Amino acid sequence: MAPHADSDTGYSGANSNSKGEVFTVNSPNVVYSDSAINSKYTYRTTSVEKDASGKYVATPKETLYDFQVDRKVPKTGMMLVGWGGNNGTTVTAGIIANKLGLTWDTREGPRAANYYGSVVMGSTIKLGTDAKTAEDVNIPLHSMLPMVHPNDLVIGGWDISGMNLAESMDRAAVLEPTLKNQVKKAMAAMIPLPSIYYPDFIAANQNDRADNLIDGRVASEAHVEKIRKDIRDFKADNDLDSVIILWTANTERFAELSEGVNDTADNLLKSIKANHTEVAPSTVFAVASILEGVPFINGSPQNTFVPGCIELAERHGAFIGGDDFKSGQTKMKSALVDFLISAGIKLTSIASYNHLGNNDGKNLSSHKQFRSKEISKSNVVDDMVAANTVLYKEGEHPDHTVVIKYMPAVGDNKRALDEYYAEIFMGGHQTISMFNVCEDSLLASPLIIDLVLIGEMMTRIQWKAKSNDGVATTEFKKFHSVLSILSYMLKAPLTPPGAPVINALAKQRGALVNIFRACVGLEPESDMTLEHKLYN
Ligand SMILES: NC(=O)c1ccc[n+]([C@@H]2O[C@H](COP(=O)([O-])OP(=O)(O)OC[C@H]3O[C@@H](n4cnc5c(N)ncnc54)[C@H](O)[C@@H]3O)[C@@H](O)[C@H]2O)c1
Ligand SMILES: O=P([O-])([O-])O[C@@H]1[C@@H](O)[C@H](O)[C@@H](O)[C@H](O)[C@@H]1O
């Protein structure tokens with residue numbers, strides 16, 4: 001279904017038709033037209049109650065969904081807030097290099113552009129099993145639905161630093177000179193739009209790069225309208241069908257949540273109108289995006305989505321997602337903790353130390369900004385611990401410490417040192433010590449692509465339902481405004497109010513893949529492989 005031959009994804013194992021489609025579903029429940037894929041999907045869950053004796057009673061439930069996927073792949077723009085930063089310049093250079101099919105010399109020999117680290121572009125999913133050999137048939141995740149190809153993204157954005165992207169790519173010191181030289185000309189023509197700058201929200205040490213500013217140092221309606229106009233102009237100037245806004249600017253301090261200021265949509269809008277000092281730049285960008293009806297995704301840990309912002313998104317049916325790219329140390333943690341606890345090993349302490357020398361690290365050397373990051377890096381084990389009442393009593397939790405130090409010498413190559421300490425059988429202990437060098441921007445940039453591609457895809461999926469108690473949704477509706485399907489890429493996944501937060505990495509990926517499967521009428525991949533277990 002991708003508009004590109006599989007060679008663009010570096011994938012050679014699939015055969016695709018003239019439209020680049022890798023598969024179709026042969027089922028009476030799935031109907032293809034030129035404009036849409038319509039599927040009927042039975043969603044099977046288990047409802048659990050306690051009986052009078054306190055025993056659980058499990059009742060299978062079925063809900064019949066109709067899914068509709070718009071097959072027209074739109075010309076899409078990606079507008080980055082913080083475009084001139086390490087992540088912004090790196091993802092831009094990476095997309096240009098892939099689009100041009102560049103190779104460049106390195107000490108280890110020639111390297112070619114790729115999308116490694118992108119779950120959409122670099123991973124595969126099991127479609128099913130071969131009808132003749134019963135072997136797994138795996139296809140690129142990107143081929144599951146008619147998704148935008150990152151090579152086709154039109155890129156723009158804002159930065160408080162006015163450097164062109166070639167200069168800021170040099171400042172970032174992430175990419176090899178032999179690659180930079182090949183994209184420098186294109187990137188020199190890319191100039192970030194001036195942005196809003198409220199000094200109190202980021203470290204004072206960022207002030208020296210703030211030379212590309214919109215007037216006004218507190219939130220205002222004028223700021224919202226200026227950003228809305230920037231979005232409209234970018235869309236019109238590039239003849240785009242859709243635009244996704246993504247925050248990859250500095251980590252802000254948390255905004256104080258208070259009644260009458262940001263607790264409701266109306267109060268938030270009033271606070272912006274009244275130039276309230278507790279409205280963060282990232283929240284102003286989110287409000288502008290919501291009012292423009294374009295998805296806004298937060299790649300940083302601050303509480304951009306104050307309750308009033310979430311309510312505004314719900315009111316306008318606009319998509320939001322966040323928070324904080326899950327790129328290295330935390331991604332490893334969410335997989336390792338899932339493994340240990342689901343193996344019945346009682347994790348009792350996690351010590352997470354990391355140091356880095358990029359501008360992100362410089363900003364995080366300020367306590368208020370570090371605190372935002374400490375929160376997002378610390379909550380990632382909560383769901384896995386709470387789910388295992390065999391190992392952990394109510395309220396019991398492993399010790400968990402997060403340390404971040406700014407060490408300029410290592411630049412973007414963040415060092416993560418972790419110790420996991422656990423109780424095992426009969427009083428024994430297991431100690432896992434890990435040294436993980438995360439080249440932060442090269443790990444985060446593919447996540448930016450995933451967030452934008454999946455965020456855009458979700459704007460083209462609608463559903464209606466008929467549950468087995470007869471409650472029917474008659475009109476097609478969009479997914480909830482809060483895109484929790486993005487959680488695999490995020491440390492502190494934002495969920496619809498009242499919905500549980502899932503941090504276990506495998507569950508997050510399973511949700512993404514199985515929702516995409518449902519959209520084409522396919523059952524979830526259960527890994528049961530009964531076909532290999534029941535017959536002699
Ligand atoms: N692996 C990773 O790199 C990683 C992982 C998780 C989260 N993050 C988060 O992503 C964000 C970006 O990381 P980075 O390494 O690119 O940082 P960076 O400091 O290199 O880039 C941030 C950019 O944002 C700009 N900026 C600051 N305030 C702005 C505003 N109000 N409007 C527009 N631009 C503004 C800065 O000038 C800078 O160019 C940080 O918040 C970081 O914590 C990064
Ligand atoms: O995703 P992850 O590697 O756990 O977390 C990273 C932190 O280790 C790092 O200190 C911070 O600067 C990055 O922005 C990112 O948040």
Side-chain angles (χ1 to χ4, degrees), residues 79-91 117 157-163 165 167-169 171-174 192-199 201-203 205-214 217 223 227 246-252 280-285 298-302 304 322-334 352-365 369-370 372-374 376-378 380 402-407 410-418 436-448 489-492:
M79 294 189 83
L80 299 176
V81 190
W83 193 18
N86 282 29
N87 289 346
T89 53
T90 302
V91 70
W158 303 262
D159 205 292
I160 58 173
S161 166
M163 273 190 186
L165 255 69
E167 295 164 335
S168 45
M169 173 174 62
R171 174 177 60 187
V174 172
L193 293 165
S195 189
I196 53 177
Y197 174 52
Y198 309 166
F201 277 90
I202 58 176
N205 61 36
Q206 298 297 307
N207 191 55
D208 57 8
R209 65 195 284 154
D211 60 10
N212 189 37
L213 308 180
I214 297 169
R217 294 291 163 268
H223 285 174
I227 293 164
L246 184 139
W247 177 277
T248 183
N250 287 129
T251 292
E252 299 170 329
S282 61
T283 301
V284 169
F285 269 96
N298 176 28
S300 297
Q302 71 275 348
T304 301
D323 299 307
D324 207 8
F325 309 125
K326 182 166 58 191
S327 55
Q329 184 175 50
T330 305
K331 195 167 197 170
M332 183 69 74
K333 183 178 295 179
S334 61
S352 283
Y353 166 92
N354 67 123
H355 65 263
L356 68 165
N358 56 20
N359 189 58
D360 181 29
K362 184 177 175 185
N363 180 60
L364 291 172
S365 66
Q369 284 65 38
F370 160 73
S372 297
K373 189 67 77 169
E374 184 182 33
S376 74
K377 284 172 73 82
S378 302
V380 74
V402 172
V403 175
I404 300 176
K405 293 296 178 191
Y406 176 48
M407 303 277 272
V410 303
D412 201 71
N413 303 327
K414 189 251 325 288
R415 268 82 169 140
L417 292 82
D418 291 84
N436 178 4
V437 178
C438 309
E439 297 188 349
D440 260 356
S441 299
L442 295 172
L443 288 171
S445 293
L447 304 184
I448 290 175
M489 283 71 68
L490 297 161
K491 291 196 197 61

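None of the values given here were measured: they were computed from a predicted structure. Both ligands and their constituent atoms are indexed starting at 1 by order of listing.
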*Going by distance only, is there an N or O of G328 that falls short of 3.5 Å from an N or O of ligand 2?*
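Checking ligand 2 against G328, an N or O pair does fall under 3.5 Å apart.
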*asked:* Checking the N or O distance criterion of under 3.5 Å, is ligand 2 in contact with K326?
replied: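 No.
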Any N or O of [X] closer than 3.5 Å to N or O of ligand 1:
X	value
A249	yes
Q206	no
R171	no
N87	yes
Y197	no
G85	yes

Can you tell which part of [X] has a heavy atom less than 4.0 Å from ligand 1: side chain, backbone, both or neither?
X	answer
K491	side chain
K373	side chain
L443	neither

Judged by atom type as modelled, is there a donor-acceptor pair below 3.5 Å linking the side chain of [X] to the main-chain atoms of [Y]?
X	Y	result
N212	P192	yes
N87	S445	no
S378	E374	yes

Proximal atoms of ligand 2 relative to [X] (non-hydrogen, under 4.0 Å):
X	result
D440	13 (C)
F325	1 (O)
T330	2 (P), 4 (O)
Q329	2 (P), 3 (O), 4 (O), 8 (O)
L364	11 (C), 12 (O)
K377	2 (P), 4 (O), 5 (O), 6 (C), 7 (C), 8 (O)

Do any heavy atoms of [X] fall under 4.0 Å from ligand 1?
X	result
Q302	no
K414	no
N363	no

*Measure from atom 9 (C) of ligand 2 to every heavy atom in D360, I404, L443, N354 and give the option owning the shortest one.*
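Of the listed residues, N354 has the closest heavy atom.
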*Selected option - heavy-atom contact closest to atom 6 (C) of ligand 2, from K333, K414, K331*: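 The residue whose heavy atom sits nearest atom 6 (C) of ligand 2 is K414.
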*asked:* Could you check, using the six-membered ring where one of them is a Trp, whether Y198 and H223 have ring centers closer than 6.0 angstrom?
replied: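 They qualify: ring centres under 6.0 Å apart.
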May I ask you to list the atoms of ligand 1 that are less than 4.0 angstrom from any heavy atom of [X]?
X	answer
G82	23 (C), 24 (O), 25 (C), 33 (C), 34 (N)
S300	9 (C), 10 (O), 11 (C), 40 (C), 41 (O)
I196	30 (C), 31 (N), 32 (N)
G299	7 (C), 8 (N), 9 (C), 10 (O)

*Salt-bridge test for D323 and K491: reply yes if a basic N is under 4.0 Å from a carboxylate O, no otherwise.*
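Result for this pair is no, no salt bridge flagged.
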*What distance do I160 atom CD1 and I214 atom CD1 have between them, rounded to the nearest 0.5 Å?*
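It comes to 11.5 Å.
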*Point-to-point distance, once rounded to the nearest 0.5 Å, from CG of D360 to NZ of K373*: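 Here the interatomic distance stands at 5.5 Å.
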_Min side-chain heavy-atom separation W83-T248 under 4.5 Å_ =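 No. Closest side-chain heavy atoms not under 4.5 Å.
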*If you draw a 6.0 Å radius around CE in M163, do more than 12 non-hydrogen atoms from other residues or ligands fall strictly inside?*
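Counting neighbours around CE of M163, more than 12 heavy atoms of other residues, nucleotides or ligands fall under 6.0 Å, so yes.
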